[in-house]
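What follows is a set of notes on a single structure, which appears directly below.
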Amino acid sequence: MTDCLFCKIAQGELKANKAYSDDRAVAFHDINPQAPVHVLIIPTRHIESLLDMGEEDLELLGHLHAIAARLARELGVAEAGFRVVVNTNRDAGQSVPHLHLHLLGGRAMGWPPG
């Protein structure tokens, strides 16, 4: 998808403050952080939302969550606690149509969210 912001970041066409990268995923610090630690974790392959994932994507979804856990440890929020969020579609707050996980930490989180 040529005009997808996150595809351009994954392909290196746009700069981002990357926290992690491999052949299947990229993680980068959010430009509008909602917590002291706010990292977005995206697949390098364009998948618009969680609704567009199939059975063949189960391993990829697990990989994205494993990256979240790794980064939580590396960024010092694992012990106190962190949140992983996937917003799907407009009413949930998905503003970029490319699947992404939000890793949030570094402060107490309220419940219920939103």
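The side-chain heavy atoms of Arg83 and Leu103, taken from C-beta on, include no pair separated by under 4.5 Å. At least one side-chain heavy atom of Ile42 sits under 4.5 Å from a side-chain heavy atom of Phe28. Within the 4.5 Å cutoff, side-chain heavy atoms of Thr44 are placed close to those of Val26. Side chains of His29 and Pro33 form no contact here, defined as non-hydrogen atoms less than 4.5 Å apart. Using a 4.5 Å heavy-atom threshold, the side chains of Val37 and Leu104 count as separate. Between His98 and Leu5, the closest side-chain pair of non-hydrogen atoms is not below 4.5 Å.
Using a 4.5 Å cut-off between side-chain heavy atoms of Ile, Leu, Val, Met, Phe, Trp and Tyr, with links allowed through other members, Leu50 and Ile67 fall into the same hydrophobic cluster. Using a 4.5 Å cut-off between side-chain heavy atoms of Ile, Leu, Val, Met, Phe, Trp and Tyr, with links allowed through other members, Val77 and Val86 fall into the same hydrophobic cluster. Residues Leu61 and Val85 fall into different hydrophobic clusters, defined by Ile, Leu, Val, Met, Phe, Trp and Tyr side chains chained together at heavy-atom separations under 4.5 Å. Under the 4.5 Å side-chain heavy-atom criterion for Ile, Leu, Val, Met, Phe, Trp and Tyr, Met109 and Val84 are members of distinct hydrophobic clusters.
Take His102 and apply the ring-ring contact (aromatic ring centres under 6.0 Å, His included) test, not counting sequence neighbours, and it matches His38, His100. A search for side-chain hydrogen bond (donor to acceptor under 3.5 Å, both in side chains) contacts involving His63 returns Asp22, Arg24, not counting sequence neighbours. Leu51 is linked by a side chain to side chain contact (heavy atoms under 4.5 Å, CB included) to Ser49, Thr88, Asn89, counting only residues two or more places apart in sequence or in another chain. Scanning for ring-ring contact (aromatic ring centres under 6.0 Å, His included) contacts around Phe82 gives an empty result, with sequence neighbours left out. Partners of Arg73 according to the side-chain hydrogen bond (donor to acceptor under 3.5 Å, both in side chains) rule, which considers only residues two or more places apart in sequence or in another chain, do not exist here. Listed by chain and number, the residues in a side chain to side chain contact (heavy atoms under 4.5 Å, CB included) with Glu56 amount to none (sequence neighbours excluded).
The shortest heavy-atom contact between Ala35 and Gly105 is CB-O, 3.5 Å. Smallest separation of non-hydrogen atoms from Ile41 and Ala27: CG1-CB, 3.9 Å. Residues Pro97 and His46 share a closest heavy-atom pair of O-CE1, 3.0 Å.
Atom CG in Leu99 sits 8.5 Å away from atom CG in Asp52 (nearest 0.5 Å). We find the CD1-OG distance between Ile9 and Ser21 to be 11.5 Å, quoted to the nearest 0.5 Å. Between Leu40 atom CG and Leu101 atom CG the span is 9.0 Å, to the nearest 0.5 Å. Taken to the nearest 0.5 Å, the CZ atom of Phe6 stands 13.5 Å off from the CD1 atom of Ile47.
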Could you give me the CA-CA distance, side-chain angles and deciding distance for Asp30 and Val39, then say whether side-chain contact (heavy atoms from CB on, under 4.5 Å) is met? CA-CA 5 Å; Asp30 196 297; Val39 175; over 6 Å; no
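Checked by atom type and distance alone, the side chain of Gln94 pairs as donor or acceptor with a backbone atom of Glu48 at under 3.5 Å. A donor-acceptor contact shorter than 3.5 Å links the side chain of Arg107 to the backbone of Gln34.
Using a 4.0 Å cut-off between a side-chain N of Lys or Arg and a carboxylate O of Asp or Glu, Asp3 and Lys8 do not qualify as a salt bridge.
More than 12 heavy atoms of other residues, nucleotides or ligands sit less than 6.0 Å from atom CD of Glu59.
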